[in-house]
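Proteins get letters first, then strands, A, B, ... in listed order; numbering begins at 1 in each.
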Amino acid sequence: MEDFEQELRHAMERQPAPSSLKRKIMAHLRRAPGPQSHAVLWQRLAASLALAAILGGGAVEWNWHVREERRKGEAARQQVLTALRITNHALDHMNRQLVAHSRANMN
Amino acid sequence: MQNRIAALVFCAAALAAPALAQTAQLPAPSSIEKELAARASNVDEITLDKNTLALASNFMAGKNKDDDATRQLIEGLDGIYVRDYEFDKEGQYTAKQIEQLRKYYETSEWSPLARDRDRKTGESSDVMVKLVNGQSRGLFILDVEPKEVSIVLILGPVHMQDLHKVLGVATRGALKGTDAENSVQTKDKKSGNQ
């Protein structure tokens with residue numbers, strides 16, 4: 001019985017906390033997410049998603065704009081080439097007429 | 001203060017006016033063209049203003065040799081207006097219509113460069129240039145064949161060397177002697193005027 005009491009007294013005896021305990025607890029607290037840090041995390045996630053959506057939308061818009069410009073440019077190029085083809089045809093016809101009339105006049 | 005602003009606006013307008021006046025406007029299609037289009041079996045109607053030409057020019061940059069030559073030709077032009085009417089059979093237009101068409105474009109600022117008429121076939125060709133201070137500022141071609149009528153109007157500084165480069169052989173004969181750009185020739189054939 002005496003042994004037991006002695007053991008109990010020894011167990012209940014006040015002892016100073018190890019010096020590293022405070023540091024460990026503080027580090028743990030810093031690491032563990034509290035309710036506030038959860039809100040920040042969600043806010044950050046939402047902001048990231050919004051930014052990604054804006055950037056994605058911008059990229060799609062830019063891509064469409066580039067494609068549209070290319071389409072318009074190619075259409076304009078084709079029109080220029082058609083116009084020049086018709087011009088060439090008209091001048092060629094005139095050239096043939098002038099040559100034919102020159103020959104007729106010479107004969 | 002108000003007087004100063006008014007003076008500034010007046011000066012800006014005075015400076016801008018010549019620049020605006022130099023940019024020639026493309027014509028609206030004449031009623032004859034609409035009539036021809038209604039009878040034609042194939043119609044090409046091309047109207048390219050300065051902005052569209054600039055767009056095409058940018059698109060042609062550095063593609064190939066032909067595109068580069070074309071780019072050089074169209075750069076600086078104010079506009080290109082082309083109409084081509086092809087008919088299934090002959091007699092789809094009258095000489096009067098062609099004369100009206102010619103008059104529609106033949107204003108005082110245009111000088112005839114080459115003219116050819118064939119009374120037998122009804123074919124005719126007109127080439128006119130717009131000269132401003134001895135410089136070519138436009139080219140007009142009206143080509144009439146039994147089954148085809150073509151109208152070409154190029155506004156702006158037309159450099160014949162660039163035109164030769166792009167169009168090749170055809171222009172060398174028809175626009176012979178135009179490199180001087182101020183020499184105006186009229187070749188009116190004995191075979192008759194329309």
Contacts table for residues 146-157 of chain B: side-chain donor-acceptor under 3.5 angstrom, sequence neighbours left out:
{"residue": "B:E148", "atom": "OE1", "partner": "A:H89", "partner atom": "NE2", "Å": "3.3"}
{"residue": "B:S150", "atom": "OG", "partner": "B:D84", "partner atom": "OD1", "Å": "2.6"}

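- Judged as a salt bridge (Lys or Arg N to Asp or Glu O under 4.0 Å), not a single pair has a partner in residues 12-23 of chain A (not counting sequence neighbours).
- A side chain to side chain contact (heavy atoms under 4.5 Å, CB included) with A:I86 holds for exactly one of B:V82, B:I141, B:D143; it is B:V82.
- Cluster annotation: B:L55 and B:L73 are assigned to distinct hydrophobic clusters (Ile/Leu/Val/Met/Phe/Trp/Tyr, side-chain heavy-atom contacts under 4.5 Å, transitive).
- Of all residues in residues 43-66 of chain A, none places a non-hydrogen atom less than 4.5 angstrom from a non-hydrogen atom of chain B.
- The choice from B:D67, B:D126, B:I80, B:I74 that makes the most heavy-atom pairs within less than 4.5 Å of chain A is B:D67.
- Using a 4.5 Å cut-off between heavy atoms, B:L142 makes no contact with chain A at all.
- Heavy atoms closer than 4.5 Å to chain A are found nowhere in B:N58, neither backbone nor side chain.
- Linking Ile, Leu, Val, Met, Phe, Trp and Tyr residues whenever their side-chain heavy atoms come within less than 4.5 Å places B:Y85 and B:I98 in a single cluster.
- By the criterion of side-chain heavy atoms lying less than 4.5 angstrom apart, applied directly or through intervening Ile, Leu, Val, Met, Phe, Trp or Tyr residues, B:F87 is grouped together with B:V43 in one hydrophobic cluster.
- The environment of A:E68 atom CD is dense: over 12 non-hydrogen atoms of other residues, nucleotides or ligands sit within 6.0 angstrom.
- Residues B:F59 and B:I46 do not share a hydrophobic cluster, defined by chaining ILVMFWY side chains whose heavy atoms lie under 4.5 Å apart.
- Once rounded to the nearest 0.5 Å, the distance linking CG of A:L84 with CG of B:D66 reads 11.0 Å.
- Linking Ile, Leu, Val, Met, Phe, Trp and Tyr residues whenever their side-chain heavy atoms come within less than 4.5 Å leaves A:V99 and A:L91 in two separate clusters.
- Applying a 4.5 Å heavy-atom cutoff, the residues of residues 69-81 of chain A that approach chain B are A:E69, A:R70, A:K72, A:G73, A:E74, A:A76, A:R77, A:Q79, A:V80, A:L81.
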